[in-house]
**Q** 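If you scroll down you'll find the structure; I have some questions about it.
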Amino acid sequence: MAIKKKPQKRALSHASKKTVTQKTGMKFPEYDHKKIEKTIQKEWLAKNIYKTETASKKKKYYVLDMFPYPSGAGLHVGHPRGYIASDVFARMKRMQGFNVLHPMGFDSFGLPAEQYAIQTGKNPNIFTEQLIKTYKKQLESIGFSYDWSREVATHRPDYYEWTQWIFLQIYNSWYDKTKNKARPIDDLVKIFEKSGNEKVHAVCNSNSVSFSAKEWKSWSEIEQQKILMNYRLAYEGYSEVNWCPELGTVLANDEIVDSSTGPVSERGGYPVEKKSMRQWFMRITAYADRLIQDLEGLDWSSHIKEIQKNWIGKSEGSEIEFTVSTGDSLKVFTTRADTLFGVTYVVLAPEHDLVQKLKLQIKNWNEVETYLSEVKAKSEEDRVSSKEKTGVEIKGIKAINPANSEEVPVWIADYVLAGYGTGAVMAVPAHDERDFEFANKYGLPIKQVITSEDSFRSIVVVLTLKDVDLFKKQLKEKAIPFEFAVSTISKREHIQVQFKKELLKDFITLVQNQITGTNWVEIVGNKNIIVQKDSVSEDLLDDADIWFKKFSEWEPFIRGQKSLWDMLGQNQFLREFVCYQNDGILKNSAQFSGKSSVEARKVITEFVGGKLVTKYKIRDAIFARQRYWGEPIPLIHKKVEPKLEIKFSGEFRYKLLKDGVKTIEVRALDKKERKNVNVGDILKFTHVEKQESFLVQVKELWNFKNIPEIFKKGKHLFTDIYPDQEINTIEELYNRYKKVAPNYDKRIDKYGCVAWRVEKISEGPLIIPVSEKKLPLELPNVKSYAPSGTGESPLATVKAWTTAGYETNTMPGWAGSSWYFLRYMDPKNKKAFADKKALTYWKDVDMYVGGQEHATGHLLYARFWHKFLYDLGYVPTKEPFKSLRNQGLIMATDGRKMSKRWGNVINPDDIVATYGADTLRVYEMFMGPFEASQPWSTESIIGSRRFVERVWRLGEKVATQSTAKSSEGIERSIHKAIKKVTEDIHSFGFNTAISAMMICVNDIENTLQKEGEALVVREYLMLIQILAPFAPHMSDVLWKQFGQKGSIHTAPWPTHNPKKLIDQEMTIVVQVNGKVRAELRFDTGMQKELIEAHALRDEKILPWIEGKEIKRVIYVPGKLINIVC
RNA sequence: GCCGGAGUGGCGGAAUGGUAGACGCACUCGACUCAAAAUCGAGUAUUCGCAAGGAUGUGGAGGUUCGAGUCCUCUCUCCGGCACCA
């Protein structure tokens, strides 16, 4: 049985409340954190010292925390780390005279509250408000300088009114690529009315077709809206969700776990499947490029920037058109157009359009179909996790390489993704690992077209141990007249030599002549090539065939070299072939041979009539949750009158048979042949009775108030026509039909007739936005928070909600957090999300502090929304967060993450109670570098407590007599500390800032022990001022204790005087050949020559330089002197 | 696999190319105390040496430099992100 060791609680010295009598007779209290913190917090509140006004002549500074999600688990000591840092920062800025905005709020919509509501049936609104209260209390006890009058919570209607408002702006916008910004959708409508969509250069759904202004105008509102939906920045669409039939609900990715039988729900372990559901999307892809571009000007950690860049995944390449033997064109996307001559096959994604289109021409359709269904049956996990590539050749179809007109086979394989690029790739197995693997598996040819141009190469020379020494010696003695590096690998008898490419020849000669019995291996990049000793020659440089030498040929040789085998056995050598993926010089590429990859990409693309294009990995963001506890999406699905779309089908001449119309004799328009078809078949025919042909053109949609019974979708109707008539509109057609319909059968034999068909009955609801005046669209009360069972949100079960036609999806968690920082600027505004004045004053966040886990979520979405608002002129800056700092996690004492599950959570309330908020703050800042993760240490925190107390007790020793003279040493320490602390807070080096203050306190204490030295009030106050951001309670109380008016937190920040930093003496380290041999003290500012003379005569130095010629003396002013001899 | 970041005492960590281990924890010894806690003082990388002092030392192997934890090359390990993105 494990014995749990209880952490020992340290006794703290505050126990007694007696006072200490100072030299001066003034009463100095003991440090009692509970009393101090409680009193001073009350005073702050009463005097409202952290309230921030917008109208200020002072310069603004906006310090923001990522607001918390108030969860039932409450805070643990890891959460406030970022808040403490930003608070320290904000406090310093405030003391430096800035008008600091430092607010706090709550990201209060989300899953856990919903989960709780489902389980308990309690109203999540009430529950959430309670949690917020608890959180606030916890935060307040730590002593943050938040202006609570600006608090926001995303679940409150006065807040989400504006989340909904922003949504509507996004919904009513489109992205103009020409102007590279979002514009109102009304602008687009105007363009459509004027010139259709041919000139529109917009970011839109790929299924949109081109149309003219006339066509646009001819469409019904529903049709127009459907077109517009392809352009809106918030649009309706479908996507696959994780559907759990047992639970009757949609699950988020983290609610799913893998099991042996496939994915199951975390709760209950029920199977989870994919289901296509209606969703709302945000067209973040429109901003992909700007989201990358504008990262450049941001003061964020390169780490986060990198993650975002990676996530957006920009890649520049070419779109190249291959021709398929059927005549169809096949576009591929590649970043390596330079390898076009190396294409030996092309691959389509299983979902590629051409696959279905060419169905009839595919000779092995059965095989293809089997493969397609196999792929479909595979779960996404299977498809990704099994690295084994599968595919099938499409027989009967070839693709023609536009570069050299070569015919190459066409394959379908699921390693090609339908959603990226064009869903088709040109395969260059010689220079792409995936193609390489696939080609090897299916025996496809490999054609080499790029040669390495590395200026450096590595060679591993296999030597005996004895030879290694010899070899090294030769190199050391510069027996080889060129630059290289030597290293032994794994302490075995290998030597790795690096050298410039042009020196290869010389090197080979040397090895062959001087070292006997060597064999060797060449490594290019991280790929290996074996070269037999005999075959080493000049053409090693340019004969690329060696890259494809079969391993089997060399295997016996390598096995013979046991150590080499050990070294290389586990790596790429197990491969039979090697493929070279880097840029290089082209070969086997007709007129392009000899060009560099970079140049060739451009010219080859041009040569084959391709296009240079940019692609992004990022996908549009799903902006809908099938949940209750989120902002309602302010849209109404309005039912409208149905519309018919009617399609003309053809002309017929009927041959009346005795028992009625059964067959029709017809002649096709283009192929002059007769054939019999059945009634209802749709064909293109000419009128044959008089050998005349006429066309019926139908381009209109028909609106019906009430659709006649006869118009069933897909039903064929026949209208008689006379040979000499023309029918131009559906209306004419319909009228004729109506006339004929009653005695249809009787008339039909006499005349020709035209067939037409109801193609589409568009009844779909029209989506209209809720009027801005009616916002907020408040969440209705529901009887049950349980899932609706259909996968839809519980809102779908609310009758009033659905009859009003309101959208039943709610917004995702990231909606409210994508703009909250703007609301803080003017949180009570009822007319706008924030007033223009407030927005122009506060502009953007100067310092944003939070966890890096939001790199690809919140931080991306917030930037996206902000850019959108900027495009429409609602905010003055392109980017919301100028500087960003990410705190490291605080792990539990056991090294794991703090979590209820592990039972290792440390509650800040306990720490505040035992040690005080000031100590908690100092400790969390002192633990280590702010951005690094550290484990919480129950033992180490005492050090911070000691420091806080020591500063307090230093107060007893302050000389309050007006005659007291300040000590030069103490003055210097304090000014040093001011300098260091100011700089370090700026650079978020809180741990070293505290260390500097500790050094300062140690210095003062030591100095005070000397006779005649005193700590004067002014200097002591400076010390507590720089400590104030870290220990705000204690320092403010001390401030008042020493008779200062107002709060320390509104007093100006001290500045250091550079003159006071200078010591009269300096310590110079004396080195001989870089080794420290002595330390000497000189007057500050002494000349180099004098110092040098002293150093050379020093008794500690003499033995080291005796009898040696002094070659050089290096002097680093004020620091060291190095004697080289 | 690819892209980032990091490896320094018993622990958290500090060091514009210039005395490696600041500061803190822990530990050891001492002072105070009847005693303990708290507090204060001294010490604390490894190794040789009684000492003075010397040698070694920042994951490993090399290099550049008067001088490298820091810069360069290779390599190992750990952490984070992405993951068949052509």
Side-chain angles (χ1 to χ4, degrees), chain A residues 10-15 301-311 313-315 317 332-336 339 347 383-387 389 413-417 419-422 424-428 432-435 437-438 456 458 472 483-491 496 498 523 615-618 852-853 855-856 923 926-929 931-944 946-947 949-950 953 989 991-992 994-999 1002 1005 1009 1067-1079 1100 1111-1116 1119-1125:
Chain A
R10 299 266 153 189
L12 300 173
S13 64
H14 69 265
S301 77
S302 55
H303 175 62
I304 299 280
K305 287 190 190 179
E306 212 48 53
I307 291 177
Q308 289 210 345
K309 269 188 210 163
N310 223 304
W311 184 261
K314 180 176 182 170
S315 62
V332 301
F333 174 71
T334 179
T335 53
R336 293 296 303 272
T339 62
V347 195
R383 205 169 148 173
V384 172
S385 65
S386 74
K387 287 273 169 184
K389 292 181 174 48
D414 67 350
Y415 79 91
V416 174
L417 304 174
Y420 185 76
T422 59
V425 300
M426 54 179 230
V428 188
D432 182 279
E433 211 167 2
R434 296 152 303 181
D435 299 340
E437 200 184 306
F438 194 75
F456 280 87
S458 294
K472 269 188 165 176
E483 274 183 41
F484 47 84
V486 186
S487 68
T488 53
I489 295 172
S490 311
K491 291 184 179 160
Q496 185 168 358
Q498 251 209 7
I523 301 176
K615 298 273 175 196
Y616 302 92
K617 276 199 280 189
I618 194 171
Q852 60 160 48
E853 67 272 19
T856 56
Y923 177 61
F926 183 63
M927 287 175 86
E931 308 217 342
S933 296
Q934 280 96 16
W936 180 266
S937 166
T938 331
E939 288 177 334
S940 294
I941 191 170
I942 192 72
S944 301
R946 281 185 197 140
F947 167 67
E949 246 179 281
R950 195 183 276 184
R953 280 203 311 273
N991 55 335
T992 47
I994 290 171
S995 155
M997 288 185 283
M998 286 173 169
I999 292 169
N1002 288 348
E1005 279 177 347
Q1009 285 186 351
T1067 308
I1068 300 291
V1069 169
V1070 186
Q1071 295 184 333
V1072 179
N1073 289 333
K1075 297 221 162 109
V1076 181
R1077 299 299 177 192
E1079 247 175 57
K1100 278 183 183 165
K1111 288 179 192 145
R1112 254 173 100 180
V1113 177
I1114 289 139
Y1115 176 60
V1116 181
K1119 285 206 168 139
L1120 68 70
I1121 188 156
N1122 190 8
I1123 301 160
V1124 185
C1125 57

**Q** If the C1' atom of A45(B) is compared with that of C79(B), how far apart are they to the nearest Å?
**A**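 Those two atoms are separated by 26 Å.
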**Q** Within this structure, what is the CD-to-P distance between Gln1009(A) and C40(B), rounded to whole angstrom?
**A**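 Result: 10 Å.
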**Q** Between Lys617(A) and Asn310(A), is there a side-chain heavy-atom distance shorter than 4.5 Å?
**A**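 They are in side-chain contact.
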**Q** Kindly indicate, with the supporting measurements, whether the criterion side-chain contact (heavy atoms from CB on, under 4.5 Å) is fulfilled by Glu437(A) and Tyr415(A).
**A** CA-CA 11 Å; Glu437(A) 200 184 306; Tyr415(A) 79 91; over 6 Å; no
**Q** As a test of reading the structure: which of U56(B), G18(B), C23(B) is closest to the side chain of Ile999(A), going by heavy atoms?
**A**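 Nearest listed nucleotide: C23(B).
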**Q** With a cut-off of less than 4.0 Å, is there a side-chain N or O of Tyr415(A) near OP1 or OP2 of A86(B)?
**A**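 Checking A86(B) against Tyr415(A), no side-chain N or O comes under 4.0 Å of OP1 or OP2.
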**Q** Could you tell me whether the phosphate oxygens of A14(B), OP1 or OP2, come under 4.0 Å of any side-chain nitrogen or oxygen in Asn991(A)?
**A**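 For A14(B), OP1/OP2 do have a side-chain N/O of Asn991(A) under 4.0 Å.
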**Q** Nearest to the Thr1067(A) side chain among A86(B), U19(B), A22(B), which nucleotide is it?
**A**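 The closest nucleotide is U19(B).
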**Q** Select one nucleotide: of C25(B), U16(B), A20(B), the one nearest the side-chain heavy atoms of Glu939(A).
**A**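 For the Glu939(A) side chain, the nearest candidate turns out to be C25(B).
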**Q** In whole Å, what separates the C1' atom of C48(B) from that of U39(B)?
**A**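 Straight-line distance between the two C1' atoms is 39 Å.
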**Q** In the structure shown, which nucleotide is the Watson-Crick or G-U wobble counterpart of U64(B), with both distances under 3.5 Å?
**A**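 In the structure as shown, U64(B) has no Watson-Crick or wobble partner.
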**Q** Taking only the side-chain heavy atoms of His303(A) (C-beta and beyond), determine which of A86(B), G80(B), U39(B) contains the nearest atom.
**A**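 Minimum distance to the His303(A) side chain belongs to G80(B).
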**Q** Tell me the closest heavy-atom pair linking Asn1073(A) and Asn1122(A), and the distance in Å.
**A**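 The answer is N-OD1, 3.4 Å.
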**Q** Tell me the interatomic distance from Met998(A), atom CE, to G12(B), atom C1', rounded to whole angstroms.
**A**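 That distance rounds to 12 Å.
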**Q** Rounding to an integer number of angstrom, what distance separates G30(B) and U65(B) when you compare their C1' atoms?
**A**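 The answer is 47 Å between these two C1' atoms.
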**Q** Could you give the CZ-to-P distance, from Arg336(A) to A86(B), as a whole number of Å?
**A**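 Rounding to the nearest Å, CZ of Arg336(A) and P of A86(B) are 11 Å apart.
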**Q** In this structure, how many angstroms lie between the C1' atom of G41(B) and the CZ atom of Arg950(A), rounded?
**A**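 Nearest whole value for this atom pair: 12 Å.
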**Q** Heavy-atom nearest nucleotide on RNA chain B for Glu306(A) versus Thr334(A): which residue maps closer to 5'?
**A**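 Result: Glu306(A).
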**Q** Taking atom P in both C11(B) and U16(B), compute the distance separating them and give it to the nearest angstrom.
**A**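 23 Å, rounded to whole Å.
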**Q** What are the two closest non-hydrogen atoms of Trp936(A) and Met927(A), and how far apart are they?
**A**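 In terms of heavy atoms, the two residues are closest at CA-CE, 4.0 Å.
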**Q** Taking all non-hydrogen atoms of both residues into account, name the closest pair between Cys1125(A) and Val1072(A) and its distance.
**A**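 Heavy-atom minimum between the residues: SG-CG1, 4.1 Å.
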**Q** Grab the NZ-P distance between Lys1111(A) and G67(B) for me, whole Å please.
**A**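 So the NZ-P distance, Lys1111(A) to G67(B), works out to 11 Å.
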**Q** How is Lys615(A) classified with respect to the nucleic acid when contacts are heavy atoms under 4.0 Å: base, sugar-phosphate, or nothing?
**A**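 Since no nucleic acid heavy atom lies under 4.0 Å of Lys615(A), the category is nothing.
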**Q** Measure CD/Gln308(A) against C1'/C3(B) and give the value in whole Å, please.
**A**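 Between C1' of C3(B) and CD of Gln308(A): 15 Å.
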**Q** Is the phosphate of U56(B) approached by Lys1075(A) (side-chain N or O, under 4.0 Å from OP1 or OP2)?
**A**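 Answer is yes, contact under 4.0 Å.
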**Q** Between C82(B), G18(B), A86(B), which one does the side chain of Val425(A) approach most closely?
**A**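 Nearest to the side chain of Val425(A) among the choices is A86(B).
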**Q** Distance check, C1' atoms only: G9(B) and G21(B), in whole angstrom units.
**A**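 7 Å, rounded to whole Å.
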**Q** For Glu1005(A), give me all partners under salt bridge (Lys or Arg N to Asp or Glu O under 4.0 Å), at least two apart in sequence or on another chain.
**A**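 Listed in chain order: Arg950(A).
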**Q** P atom, C23(B) versus A42(B): distance in rounded Å?
**A**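 Result for the P pair: 12 Å, nearest Å.
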**Q** Using side chain to side chain contact (heavy atoms under 4.5 Å, CB included) as the criterion, list what pairs up with Lys1119(A), not counting sequence neighbours.
**A**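 Counting only residues at least two positions away or on another chain, Lys1119(A) forms a side chain to side chain contact (heavy atoms under 4.5 Å, CB included) with Val1116(A).
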**Q** Syn versus anti for G12(B), judged by chi lying within 90° of 0?
**A**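 Anti.
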**Q** With both distances under 3.5 angstrom, what nucleotide forms a Watson-Crick or G-U wobble pair with U46(B)?
**A**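 Partner of U46(B): A55(B).
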**Q** When you measure from the side-chain N and O atoms of Arg946(A) to the phosphate of U39(B), is any distance below 4.0 Å, counting only OP1 and OP2?
**A**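 Arg946(A) to U39(B) OP1/OP2: side-chain N or O found under 4.0 Å.
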**Q** Side chain of Arg1077(A) only, heavy atoms from C-beta on: which candidate in G54(B), U19(B), U56(B) is closest?
**A**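 Of G54(B), U19(B), U56(B), G54(B) is nearest to the side chain of Arg1077(A).
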**Q** Between C76(B) and A22(B), how far apart are the two P atoms, rounded to whole Å?
**A**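 C76(B) and A22(B) have their P atoms separated by 33 Å.
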**Q** Can you check side-chain contact (heavy atoms from CB on, under 4.5 Å) on Arg1077(A) and Val1070(A), steps first, answer last?
**A** CA-CA 6 Å; Arg1077(A) 299 299 177 192; Val1070(A) 186; 5.7 Å; no
**Q** Looking at NZ of Lys309(A) and OG of Ser302(A), how far apart are the two atoms once the value is rounded to the nearest 0.5 Å?
**A**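 The distance works out to 9.0 Å.
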**Q** Ser944(A) near the nucleic acid: base, sugar-phosphate alone, or nothing, with a heavy-atom cut-off under 4.0 Å?
**A**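 Here Ser944(A) touches no strand at all.
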**Q** What contact category does Val1116(A) fall into here, base, sugar-phosphate, or nothing, at under 4.0 angstrom with non-hydrogen atoms?
**A**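 If one applies the 4.0 Å heavy-atom cut-off, Val1116(A) turns out to touch a base.
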**Q** Expressed in whole Å, how much space separates the C1' atoms belonging to G81(B) and A26(B)?
**A**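 Rounded to whole Å, the distance is 36 Å.
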**Q** Which residue, Thr992(A) or Asn1002(A), contacts RNA chain B at a nucleotide closer to its 5' end, judged by nearest heavy atom?
**A**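 Closer to the 5' end of RNA chain B: Thr992(A).
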**Q** Could you state the CD-P distance from Gln934(A) to A6(B), rounded to the nearest angstrom?
**A**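 So the two atoms are 15 Å apart, to the nearest Å.
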**Q** What is the distance, to the nearest angstrom, from the CD1 atom on Ile307(A) to the P atom on C79(B)?
**A**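 One finds 16 Å between P of C79(B) and CD1 of Ile307(A), rounded.
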**Q** How is Ser937(A) classified with respect to the nucleic acid when contacts are heavy atoms under 4.0 Å: base, sugar-phosphate, or nothing?
**A**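 Result for Ser937(A) = nothing.
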**Q** If we call it a pair only when both distances are under 3.5 Å in a Watson-Crick or G-U wobble match, what pairs with G10(B)?
**A**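 Per the H-bond distance test, C25(B).
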**Q** Reckon Leu1120(A) touches a base, only the sugar-phosphate, or nothing at all at heavy-atom distances under 4.0 Å?
**A**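 The residue Leu1120(A) makes base contact.
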**Q** Could you identify the nucleotide paired to A37(B), looking across every strand shown and requiring Watson-Crick or G-U wobble geometry with both distances under 3.5 Å?
**A**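 No nucleotide pairs with A37(B).
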**Q** For G17(B), give the paired nucleotide (Watson-Crick: N1-N3 plus N6-O4 or O6-N4; G-U: N1-O2 and O6-N3; both under 3.5 Å), or none.
**A**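 With both distances under 3.5 Å required, G17(B) matches none.
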**Q** Within the structure shown, what part of the strands sits under 4.0 Å from Pro929(A) by heavy-atom distance: base, sugar-phosphate, or nothing?
**A**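 Counting heavy atoms under 4.0 Å across all strands, the contact made by Pro929(A) is with sugar-phosphate only.
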**Q** Side chain of Asp432(A): nearest nucleotide among A26(B), C40(B), A86(B)?
**A**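 Selected nucleotide: A86(B).
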**Q** Would you indicate what Gln852(A) reaches in the nucleic acid, counting non-hydrogen atoms under 4.0 angstrom: base, sugar-phosphate, or nothing?
**A**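 Answer is sugar-phosphate: Gln852(A) comes under 4.0 Å of backbone atoms only.
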**Q** Could you tell me how the ring of Phe333(A) sits relative to the ring of Tyr420(A): parallel (under 30°), tilted (30 to 60°) or perpendicular (over 60°)?
**A**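 Perpendicular: the ring planes of Phe333(A) and Tyr420(A) meet at over 60°.
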**Q** May I ask which nucleotide in the shown strands pairs with A83(B), Watson-Crick or G-U wobble, both distances under 3.5 Å?
**A**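 Checking every strand shown, A83(B) finds no partner, since no pair has both distances under 3.5 Å.
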**Q** Could you list all N or O pairs between the protein and nucleotides 64-66 of chain B that sit under 3.5 Å apart?
**A**
from	atom 1	to	atom 2	distance (Å)
C66(B)	OP1	Arg1112(A)	NH1	3.0
C66(B)	O2	Asn1122(A)	ND2	2.4

**Q** Would you indicate whether the side-chain heavy atoms of Met426(A) and Thr339(A) approach each other to under 4.5 Å?
**A**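 They are in side-chain contact.
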